[in-house]
Amino acid sequence: MSKAQLNRTKIASLGSDDSQCHILHIDMDAFYASVEVRANPSLAGKPVIVGGTQGRGVVVAATYEARAFGIHAAMPMSRALRLCPQAVVVAADHAQYAEVSRQLYQILISITPYVETLALDEAFLDISGSIKLLGRPVEIATKLRAQIKSQLALTASVGVASNKFLAKLASTYAKPYGLLLIPEQKKIEFLHPLPVGALWGVGEKTEIKLKESGLNLIGDIAKLPIETLNRIVGEGVAAHIYELCWGIDDREVVTTEVEKSIGNETTFGEDLFEATEVEAQILRLVDQVAARLRNRDLSAKTICLKIRFHDFTTITRSKTISSYTHNTQEINQIARQLYRNLNLQRARIRLIGVRAESLQPTNQANFQPTLDQPDLGWPEAEIAVDQARAKFGVAAIKPARLISEQD
Ligand SMILES: [Mg+2]
């Protein structure tokens with residue numbers, strides 16, 4: 001049975017319960033080769049090999065058409081060309097792959113700040129915090145693939161599961177250009193018929209030891225007493241393998257990069273000078289910034305206010321607080337105070353900007369409720385606002401003061 005056939009059968013038999021599946025593993029299909037085909041559409045549908053042609057060149061990547069001839073990464077180019085003499089060989093353009101990888105990363109962090117990149121074309125996403133706003137895991141995965149297709153003109157496969165090991169396995173079986181969900185209740189059913197080589201992190205030597213002991217399938221290992229497995233591969237490795245065989249993997253998605261700041265600014269058609277107008281604009285900007293923070297599950301420790309005057313002089317003021325926040329009211333208090341401290345007497349203002357800096361994923365930022373903060377009620381209300389906006393658009397809901405003073 002081919003992987004594609006296996007995949008279709010699995011999807012049909014595994015069902016669609018994605019309730020505990022908050023980890024996505026995304027993997028671009030034949031990444032380097034696909035980028036080359038995109039750059040030169042006449043290569044579409046042909047066996048294309050990316051790699052060095054000189055001397056001892058090796059295959060770096062190959063399209064699925066080339067892989068059908070048995071060509072794979074790390075194979076000597078001379079051997080690849082014997083297997084498929086008509087293959088088109090293209091030199092690797094690493095700067096281009098890095099650029100596409102950056103664009104991919106931007107798409108991924110628009111879904112969640114919890115992105116762990118494994119390679120230029122591969123990443124884990126923890127979408128626990130995105131489900132309320134963006135939908136169920138399979139919906140998010142589907143949208144993500146569509147977004148990659150439309151924005152990058154490249155295809156990706158996505159695995160959806162309850163942990164990293166299963167999600168990575170799922171994307172492998174989803175390839176090419178597929179989506180595979182492994183429902184938590186079906187993970188054993190999925191895992192146990194697979195060959196032991198499918199265990200992530202099990203090296204070649206361990207695999208050989210397992211096979212020499214007659215253990216060919218993951219299910220064979222799972223049924224062994226742990227003592228027996230200890231004798232075969234050693235205690236440390238045995239404990240790790242045993243957990244994987246039962247679909248257990250506690251490794252968390254480790255954020256590899258966080259956005260440095262989130263800000264919004266507006267230039268006004270006519271200069272502002274009334275304090276009430278300026279403060280209403282600050283609140284409007286804070287509201288946008290705070291919603292973006294919450295949307296990405298980020299919190300900020302530093303709030304900056306930027307003001308540009310009629311004569312283009314620009315000043316910025318910032319305040320760093322003792323704990324992280326993504327709360328509109330709290331950020332507004334800070335930004336407004338920064339403005340009031342300037343003590344401007346009807347100065348003509350042409351631009352106002354609000355920026356949140358020193359960002360952290362919210363669940364890694366320590367919150368300290370402060371005494372003067374109406375901390376009960378507001379965060380929940382803000383989540384409701386974000387949900388309504390996701391549904392009806394940003395303009396649908398505004399802070400009360402803006403409704404009376406604007407539009
Ligand atoms: Mg890949």
Discussion item. Go through it in stages, so that I can follow the logic: the residues are R355 and T316, the test is side chain to side chain donor-acceptor pair (under 3.5 Å), and I'd like the CA-CA distance, side-chain angles, deciding distance and then a yes or no.
Written reply: CA-CA 10 Å; R355 178 165 291 277; T316 56; over 6 Å; no

Practice prompt. Give, for atom CG of L24 and atom OG1 of T112, the distance between the pair rounded to the nearest 0.5 Å.
Written response: 9.0 Å

Worksheet item: Between I232 and L224, does a side-chain contact (heavy atoms from CB on, under 4.5 Å) hold up when you go through it step by step?
Response: CA-CA 11 Å; I232 300 170; L224 280 186; 4.2 Å; yes

Worksheet item: Once you round to the nearest 0.5 Å, how far does OG1 of T302 lie from CD1 of I321?
Response: 8.0 Å

Worksheet entry | side-chain contact (heavy atoms from CB on, under 4.5 Å) assessment of E277 paired with Q281 | CA-CA 6 Å; E277 280 181 79; Q281 290 299 334; 5.6 Å; no

Discussion item. If you define the side chain from C-beta out and look only at heavy atoms, does anything of R350 sit under 4.5 Å from R308?
Written reply: yes

Worksheet item: Counting N and O atoms only, with roles assigned by atom type, does the side chain of H192 sit under 3.5 Å from a partner on the main chain of C245, one being a donor and the other an acceptor?
Response: yes

Worksheet item: Taking C-beta and beyond as the side chain, do D249 and E243 meet within less than 4.5 Å on heavy atoms?
Response: no

Item to complete: Give the C-alpha distance, both sets of side-chain angles, the deciding distance and a yes or no for side chain to side chain donor-acceptor pair (under 3.5 Å) between S171 and S157.
Response: CA-CA 6 Å; S171 77; S157 297; over 6 Å; no

Discussion item. Could you check whether atom CD of E252 has more than 12 heavy atoms from other residues, nucleotides or ligands sitting under 6.0 Å from it?
Written reply: no

Worksheet item: Checking side-chain contact (heavy atoms from CB on, under 4.5 Å) against L180, which of L14, V160, T172 comes through?
Response: L14

Worksheet item: Hey, mind stepping through E227 and R231 against salt bridge (Lys or Arg N to Asp or Glu O under 4.0 Å) and telling me if it holds?
Response: CA-CA 6 Å; E227 296 75 19; R231 280 197 296 276; over 6 Å; no

Discussion item. Rounded to the nearest 0.5 Å, what separates atom OG in S19 from atom CD in Q185?
Written reply: 5.5 Å

Discussion item. Does any part of the side chain of I248, heavy atoms only, come nearer than 4.5 Å to the side chain of Y242, both counted from C-beta?
Written reply: no

Worksheet item: Can you tell me how far CD1 of I26 sits from CG of L118, rounded to the nearest 0.5 angstrom?
Response: 11.5 Å

Worksheet item: Can K164 and E116 be counted as an ion pair, charged N to O under 4.0 angstrom?
Response: yes

Discussion item. Can you give me the closest heavy-atom contact between L81 and V89, atom names plus distance?
Written reply: CD2-CG2, 3.8 Å

Worksheet item: Ignoring hydrogens and geometry, is there a side-chain-to-backbone donor-acceptor pair from R145 to A156 under 3.5 Å?
Response: yes

Worksheet item: Are the side chain of T362 and the backbone of D297 linked by a donor-acceptor contact shorter than 3.5 Å?
Response: yes

Worksheet item: Short question: side chain of N163, backbone of G247 - any donor-acceptor pair under 3.5 Å?
Response: yes

Fill in: Spacing of E279 atom CD and R284 atom CZ [to the nearest 0.5 Å]
14.5 Å

Worksheet item: Mind checking whether Y32 and Y97 have parallel, tilted or perpendicular rings, split at 30° and 60°?
Response: parallel

Fill in: Check ion pair E212-K209 (N to O, under 4.0 angstrom)
no

Worksheet item: Does Y339 have R336 sitting over its ring (NZ/CZ under 6.0 Å from centre, angle to axis within 45°)?
Response: no

Worksheet item: Taking atom types as modelled and ignoring hydrogens, do the side chains of N40 and E36 form a donor-acceptor contact shorter than 3.5 angstrom?
Response: no

Discussion item. Using modelled atom types and a 3.5 Å cut-off, is there a donor and acceptor pairing between side-chain atoms of R67 and backbone atoms of A62?
Written reply: yes

Worksheet item: If you look at every heavy atom in L194 and F190, which pair is closest and at what distance?
Response: CG-O, 3.5 Å

Worksheet item: What are the two closest non-hydrogen atoms of P361 and T255, and how far apart are they?
Response: CG-OG1, 4.3 Å

Worksheet entry | Beyond-backbone contact of L244 with I221, side-chain heavy atoms, under 4.5 angstrom | no

Fill in: Donor-acceptor pair, side chain of K143 and main chain of L134, under 3.5 angstrom
yes

Worksheet item: So, D29 side chain and Y177 main chain: donor-acceptor pair closer than 3.5 Å or not?
Response: yes

Worksheet item: Any side-chain heavy atom of F124 sitting closer than 4.5 Å to one from V254?
Response: no

Fill in: Any donor-acceptor pair under 3.5 Å from H22 side chain to Q20 backbone
yes

Practice prompt. Can you establish whether the number of heavy atoms outside K319 located under 6.0 Å from its atom NZ is more than 12?
Written response: no

Worksheet, complete the sentence: Nearest heavy-atom contact between A167 and A161 is N-CB, 3.5 Å

Worksheet item: So do P137 and I131 actually touch side chain to side chain, heavy atoms under 4.5 Å?
Response: yes

Worksheet item: If you measure only the distance, is there a donor-acceptor pair under 3.5 Å linking the side chains of E99 and Q103?
Response: yes

Fill in: Greater than 12 external heavy atoms within 6.0 Å of E235's CD
no

Worksheet entry | Minimum heavy-atom distance S101-L120, with the two atoms named | OG-O, 2.8 Å

Practice prompt. Check whether any side-chain N or O of D220 sits under 3.5 Å from a backbone N or O of L217 as a donor-acceptor pair, and report yes or no.
Written response: yes

Fill in: Test item: V50 and V35 side chains (from C-beta on) under 4.5 Å apart, heavy atoms
no

Discussion item. For R251, I'd like to know if atom CZ has over 12 heavy atoms of other residues, nucleotides or ligands within 6.0 Å.
Written reply: yes

Worksheet item: Just checking, any donor-acceptor pair under 3.5 angstrom between side chains of T313 and D311?
Response: yes

Worksheet entry | Derivation of the side-chain contact (heavy atoms from CB on, under 4.5 Å) call for L359 and L293 | CA-CA 9 Å; L359 307 184; L293 284 172; 3.8 Å; yes

Worksheet item: Could you state the interatomic distance from CD1 (I127) to CG (L144), rounded to the nearest 0.5 Å?
Response: 9.5 Å

Worksheet item: Would you say E204 has more than 12 foreign heavy atoms packed within less than 6.0 Å of its CD?
Response: no

Item to complete: Test side-chain contact (heavy atoms from CB on, under 4.5 Å) on K306 and T314 and set out the steps.
Response: CA-CA 7 Å; K306 170 168 145 188; T314 305; 3.9 Å; yes

Discussion item. Restricting to non-hydrogen atoms, name the atom on A290 and the atom on T328 that form the minimum distance, rounded to 0.1 Å.
Written reply: CB-OG1, 3.5 Å

Item to complete: Measure the shortest side-chain to side-chain distance between I148 and T155 over non-hydrogen atoms and say whether it is less than 4.5 angstrom.
Response: no

Fill in: Heavy-atom donor-acceptor pair, T63 side chain to G45 backbone, under 3.5 Å
no

